[in-house]
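Here's the structure, in structure tokens; my notes come after.
For clarity, every value in this text was computed on a predicted model and none was experimentally measured.
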Amino acid sequence: DDGFEDVRWGGGKRKRGGGRGERRWRRRAHEFGHLDERRGVHRGCGLAVRDAEHAADAVVLPGVGAFGACMNALRSMGLESVVHRAVRSGRAFLGICVGMQMLFDGSDEDAMAAGLGVIPGRIRWITDQLPRPQMQWNQLAIAEGHEADPVLAGLPSSPWMYFVHSLHGVPHDPSMVAATCDYGGTVNAAFRSRNVFATQFHPEKSGDDGLALLANFVRHVRADAPSR
């Protein structure tokens with residue numbers, strides 16, 4: 001087991017190791033994510049989830065916990081190179097919460113832990129003028145130029161998402177910020193870097209708007225997979 005899950009849906013061509021009429025996408029199944037909960041969300045969207053080593057049409061990297069501990073766990077299982085290969089392949093890639101944070105160069109939470117460096121920049125503390133962590137629903141403001149992002153398509157202009165975090169990503173290139181929220185100042189809440197989309201909030205905990213975002217991601221994978 002390589003620590004990833006395949007998520008499969010009907011309507012595609014037969015693939016190695018899979019049944020006829022199925023496509024697959026892969027999510028990172030590590031011990032610091034709420035895997036049972038996310039599996040339930042995927043099944044609720046009509047997707048079958050299983051642990052597997054097969055090639056996938058997309059990858060999801062979730063994570064909950066401390067940045068350094070998550071990076072240590074990822075590396076101890078030999079998965080750093082797997083993430084980089086997935087990103088370089090051009091496959092749709094979704095990072096969630098600490099999974100998003102690990103895509104950055106590093107974090108102020110653990111100065112000794114190097115991140116994956118997929119999104120150039122650093123994870124910074126949010127304000128201490130309000131309770132930290134931010135643990136609440138908050139409204140997104142979609143950043144200019146990202147309104148047409150396929151993962152955000154059809155969402156309300158200010159969708160409600162659920163946050164549990166004390167840090168946020170600050171990319172070197174501000175144009176990578178796809179959405180923000182307000183919590184004693186601007187908090188960067190979502191990011192786009194080529195084939196990578198990443199969120200600080202938890203779409204799987206965010207009701208209809210979060211499920212719509214995940215459904216958009218799946219539709220984007222379905223549309224893109226035949227071209228590869």
Side-chain angles (χ1 to χ4, degrees), residues 4-5 7 9 23-28 33 38 41-42 45 47 56-64 70 82-105 115-121 123 138-163 165 167-181 187-206 208-225 227-228:
F4 278 85
E5 294 176 329
V7 183
W9 61 87
R23 294 195 196 285
R24 296 188 297 275
W25 56 295
R26 181 173 289 184
R27 55 173 294 165
R28 173 72 183 86
R38 291 191 175 103
V41 169
H42 291 149
C45 293
L47 304 177
D57 293 318
V59 176
V60 178
L61 178 66
V64 177
C70 289
V82 175
V83 171
H84 283 293
R85 286 197 300 271
V87 171
R88 288 196 301 268
S89 74
R91 287 176 287 177
F93 192 108
L94 178 63
I96 298 175
C97 195
V98 178
M100 174 279 291
Q101 294 183 8
M102 289 191 288
L103 296 172
F104 279 74
D105 294 324
L116 293 164
V118 172
I119 300 176
I123 302 299
N138 207 334
Q139 283 185 288
L140 298 185
I142 308 303
E144 184 177 357
H146 290 273
E147 300 88 348
D149 191 297
V151 178
L152 300 173
L155 294 182
S157 58
S158 300
W160 287 92
M161 299 294 176
Y162 189 73
F163 291 79
H165 68 116
L167 301 99
H168 72 141
V170 181
H172 294 329
D173 181 355
S175 70
M176 290 184 177
V177 177
T180 62
C181 69
V187 172
N188 296 329
F191 308 86
R192 168 64 76 180
S193 176
R194 299 181 299 278
N195 54 308
V196 175
F197 193 87
T199 69
Q200 180 59 70
F201 54 86
H202 288 269
E204 79 283 2
K205 295 177 180 284
S206 297
D208 290 344
D209 289 346
L211 291 177
L213 184 149
L214 292 173
N216 281 342
F217 180 75
V218 171
R219 277 192 291 271
H220 177 54
V221 175
R222 283 173 167 165
D224 182 60
S227 66
R228 287 184 282 100

Please table the atom pairs, donor to acceptor, closer than 3.5 Å between any side-chain atom in residues 169-178 and protein atoms at least two apart or in another chain.
unit_1, atom_1, unit_2, atom_2, d
Asp173, OD1, Ser175, N, 3.0
Asp173, OD1, Ser175, OG, 2.7
Asp173, OD2, Ser175, OG, 3.0

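- Taking CD1 of Ile123 as the start and CE of Met100 as the end, the distance is 5.0 Å to the nearest 0.5 Å.
- Ile142 and Ser157 make their closest contact through CG1-O, 4.0 Å (heavy atoms, listed as atom of the first residue, atom of the second, distance).
- Asp209 meets the salt bridge (charged side-chain N to carboxylate O under 4.0 Å, His left out) test with no other residue; sequence neighbours excluded.
- Closest of all the heavy-atom pairs between Gly63 and Cys97 is O-CB, 3.4 Å.
- Annotation for Pro203 and Leu213: closest pair CB-CD2, 4.2 Å, computed over non-hydrogen atoms.
- Side-chain contact between Phe93 and Val118: absent, with no pair of heavy atoms (C-beta onward) separated by less than 4.5 Å.
- Phe191 is linked by a ring pair (Phe, Tyr, Trp, His ring centres under 6.0 Å) to Phe104, counting only residues two or more places apart in sequence or in another chain.
- Applying the side-chain hydrogen bond (donor to acceptor under 3.5 Å, both in side chains) criterion to His146, with sequence neighbours excluded, gives no partner residue.
- Between Pro62 and Val64 the shortest side-chain heavy-atom distance does not fall below 4.5 Å.
- Under the side chain to side chain contact (heavy atoms under 4.5 Å, CB included) criterion, Arg194 pairs with no residue at all, not counting sequence neighbours.
- Taking CG of Leu94 as the reference point, atom CG of Leu61 lies at 9.0 Å (rounded to 0.5 Å).
- Rounded to the nearest 0.5 angstrom, Gln101 CD and Gln200 CD are separated by 4.5 Å.
- Residues passing the side-chain hydrogen bond (donor to acceptor under 3.5 Å, both in side chains) test with Asn195, sequence neighbours excluded: none.
- Applying the ring pair (Phe, Tyr, Trp, His ring centres under 6.0 Å) criterion to Phe163, with sequence neighbours excluded, gives His165, Phe201.
- With sequence neighbours excluded, the residues forming a side-chain hydrogen bond (donor to acceptor under 3.5 Å, both in side chains) with Arg219 are Asn216, listed by chain and number.
- Here the shortest heavy-atom pairing between Ile119 and Ser193 reads CG1-CB, 4.2 Å.
- Between Ala189 and Cys181, the closest heavy-atom pair is CB-N, 4.3 Å.
- Between the side chain of His168 and the backbone N or O of Asn188, at least one donor-acceptor pair lies under 3.5 Å.
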N/O donor to acceptor pairs below 3.5 angstrom from side-chain atoms of residues 147-156, sequence neighbours left out:
unit_1, atom_1, unit_2, atom_2, d
Glu147, OE1, Gly145, N, 2.9
Asp149, OD1, Val151, N, 2.9
Asp149, OD1, Arg192, NH2, 2.9
Asp149, OD2, Arg192, NE, 2.8
Asp149, OD2, Arg192, NH2, 3.3

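- With Thr199 contributing its side chain and Ile96 its backbone, the two residues share no donor-acceptor pair below 3.5 Å.
- Nearest approach of Ser158 to Gln139, heavy atoms of both residues: O-NE2, 3.1 Å.
- Note: Leu140 CG to Trp160 CH2 = 10.0 Å, rounded to the nearest 0.5 Å.
- Side-chain atoms of His84 come within 3.5 Å of backbone N or O of Leu116 as a donor-acceptor pair.
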